[in-house]
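All values derive from a computational prediction rather than experimental measurement. Residue indices begin at 1 and follow the sequence shown. Counting starts at 1 for both ligands and their atoms, in listed order.
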Amino acid sequence: MVIVKRKDLSLAERLWLPEIGRALSMTLRAIFKPKVTRQYPEEPLPTTAVTRGQPRLRILEDGENLACVSCGLCEAACPAYAITIDGHETERFIEREPEAFEIDMLRCILCGFCEEACPKDAIFMSNELELADFTRAALVYDIDKLKRPTAALTGRMDYFYKVTNRWRNSSSTS
Ligand code: SF4
Ligand code: SF4
């Protein structure tokens, strides 16, 4: 039989005082560290041009008409089947425009494929991230909810042109 000789504990050790002291000092250090928790929604998330928020349709510089020609490429590219477009002919120089354009924001996965597919620079990922309402139907955005002036999308557009210029240029020379 092996007899293990245990260390004689002091009174403080028997009362767990060293461990309690270490735990308290760790808690105090954490209390005075800079906070990393964001008080959302009072403190909104910072956004940049890289932010891929909800897609929005661009209004041309005339402030009235959409850049969209209702070609349906974004609808075909959307992996979440979130886009539904109904287009019609128009007398304007652009010849076609969407009569109805809906994006189901509950289906949208913010992938940006619609932005990349669009040949008319008509749809861009905005910096709008917030999404909340009381019914599912209210989160199917129609054309009026999707329209944004060009100025509201300029930051994203500049970034988009910068990162896609490489393949835009190489495809134009091939
Ligand atoms: S961001 Fe992606 S999922 Fe959302 S509408 Fe565009 S293509 Fe569809
Ligand atoms: S790809 Fe562009 S132009 Fe074509 S339907 Fe979509 S937003 Fe409109």
Side-chain angles (χ1 to χ4, degrees), residues 35-174:
K35 291 188 177 57
V36 291
T37 312
R38 185 171 292 278
Q39 298 303 316
Y40 184 85
E42 289 79 13
E43 273 181 66
L45 292 172
T47 59
T48 67
V50 182
T51 305
R52 225 166 40 203
Q54 298 155 21
R56 293 289 183 259
L57 294 174
R58 182 171 75 87
I59 301 174
L60 291 170
E61 281 76 3
D62 64 10
E64 196 182 325
N65 296 301
L66 285 174
C68 176
V69 293
S70 186
C71 67
L73 284 177
C74 56
E75 188 178 17
C78 178
Y81 304 111
I83 304 178
T84 311
I85 306 168
D86 191 6
H88 67 172
E89 305 294 317
T90 158
E91 295 302 309
R92 291 194 296 119
F93 65 98
I94 220 166
E95 293 186 358
R96 276 182 66 79
E97 66 183 5
E99 197 165 15
F101 196 120
E102 286 182 351
I103 302 184
D104 185 342
M105 290 302 166
L106 293 175
R107 297 193 71 101
C108 177
I109 51 171
L110 309 181
C111 64
F113 283 9
C114 50
E115 180 185 59
E116 288 184 30
C118 181
K120 289 292 180 185
D121 297 341
I123 188 166
F124 284 96
M125 307 306 281
S126 68
N127 60 359
E128 297 172 42
L129 293 165
E130 313 220 337
L131 191 65
D133 218 309
F134 294 102
T135 62
R136 297 180 72 84
L139 293 168
V140 178
Y141 284 13
D142 64 11
I143 199 163
D144 291 327
K145 274 190 170 176
L146 292 170
K147 281 179 185 173
R148 290 293 177 276
T150 298
L153 299 167
T154 308
R156 176 67 188 183
M157 288 165 67
D158 290 346
Y159 169 77
F160 180 78
Y161 294 143
K162 200 169 100 190
V163 295
T164 58
N165 255 354
R166 198 162 32 135
W167 59 258
R168 280 177 183 236
N169 291 341
S170 62
S171 60
S172 64
T173 52
S174 60

**Student:** What's the shortest distance from atom 7 (S) of ligand 1 to any protein heavy atom, and which residue and atom give it?
**Tutor:** Cys114 N, 3.3 Å

**Student:** Check whether any side-chain heavy atom of Leu146 sits under 4.5 Å from a side-chain heavy atom of Met105, and report yes or no.
**Tutor:**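 Side-chain contact under 4.5 Å: yes.
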
**Student:** What residue and atom, counting heavy atoms only, is the protein's closest point to atom 3 (S) of ligand 2, and at what distance?
**Tutor:**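 Its nearest protein heavy-atom neighbour is Val69 N, 3.4 Å.
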
**Student:** Within a distance under 4.0 Å of any heavy atom of Met125, pick out the atoms of ligand 1 and give their elements.
**Tutor:** 1 (S)

**Student:** Please classify the Leu110 to ligand 1 contact at 4.0 Å (heavy-atom distances, strictly less than): side chain, backbone, both or neither.
**Tutor:** backbone

**Student:** Considering non-hydrogen atoms of the protein only, which is the closest contact for atom 8 (Fe) of ligand 2, and what is the distance?
**Tutor:**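 Protein heavy atom with the smallest distance to atom 8 (Fe) of ligand 2: Cys68 SG, 2.3 Å.
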
**Student:** Does some side-chain heavy atom of Tyr141 sit less than 4.5 Å from a side-chain heavy atom of Leu57?
**Tutor:** no

**Student:** Run the numbers for me: atoms of ligand 2, each under 4.0 Å from some heavy atom of Pro119, listed by number.
**Tutor:**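 Going through ligand 2 atom by atom, the ones under 4.0 Å from Pro119 are 1 (S).
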
**Student:** Looking only at protein heavy atoms, which one is nearest to atom 2 (Fe) of ligand 1, and what is the separation?
**Tutor:** Cys111 SG, 2.2 Å

**Student:** Got Met125 and Cys114 here, is their nearest side-chain heavy-atom distance under 4.5 Å?
**Tutor:**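 Contact flag for Met125/Cys114 side chains = yes.
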
**Student:** Hey, are Glu61 and Arg58 close enough for a salt bridge, meaning a charged N less than 4.0 Å from a carboxylate O?
**Tutor:**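 Salt bridge: yes.
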
**Student:** So Leu110 and Cys108, do their side chains get closer than 4.5 Å, heavy atoms only?
**Tutor:** yes

**Student:** State, with a plain yes or no, whether a side-chain heavy atom of His88 is found less than 4.5 Å away from one of Glu97.
**Tutor:** yes

**Student:** For the residue pair Gln54 and Glu130, what are the closest heavy atoms and their distance?
**Tutor:** NE2-O, 2.9 Å

**Student:** Among Gly72, Cys74, Ala117, which one has a heavy atom closest to atom 6 (Fe) of ligand 2?
**Tutor:** Cys74

**Student:** Hey, is atom 8 (Fe) of ligand 1 within less than 2.8 Å of some N/O/S atom on Cys78?
**Tutor:**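 Cys78 does place an N, O or S atom closer than 2.8 Å to atom 8 (Fe) of ligand 1.
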
**Student:** Taking side chain as C-beta onward, heavy atoms only, is Leu73 less than 4.5 Å from Cys118?
**Tutor:** no

**Student:** Under 4.0 Å between a side-chain nitrogen and a carboxylate oxygen: does that hold for Arg156 and Glu115?
**Tutor:** yes

**Student:** Relative to the heavy atoms of Cys108, which atoms of ligand 1 are at a distance of less than 4.0 Å?
**Tutor:**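 That gives atoms 1 (S), 3 (S), 4 (Fe), 5 (S) of ligand 1.
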
**Student:** With a 4.0 Å heavy-atom cut-off (strictly under), which part of Ile85 contacts ligand 2: side chain, backbone, both or neither?
**Tutor:** side chain

**Student:** Show me which atoms of ligand 1 lie under 4.0 Å from any heavy atom of Ile109.
**Tutor:**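 Checking each atom against Ile109, I get 3 (S), 4 (Fe).
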
**Student:** Taking atom 4 (Fe) of ligand 2 as the point of reference, which of Cys118, Cys71, Ala67 owns the nearest heavy atom?
**Tutor:** Cys71

**Student:** Which atoms of ligand 1 are found less than 4.0 Å from any heavy atom of Ile83?
**Tutor:** 5 (S)

**Student:** Between Ser70 and ligand 2, find which residue part has any heavy-atom pair under 4.0 Å and reply side chain, backbone, both or neither.
**Tutor:**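 It is the backbone that gets close, since no side chain atom is under 4.0 Å.
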
**Student:** Measuring only between side-chain heavy atoms, which start at C-beta, is Cys74 closer than 4.5 Å to Lys120?
**Tutor:** no

**Student:** Measuring from non-hydrogen atoms of Ala77 to any atom of ligand 1, is the shortest distance under 4.0 Å?
**Tutor:** no

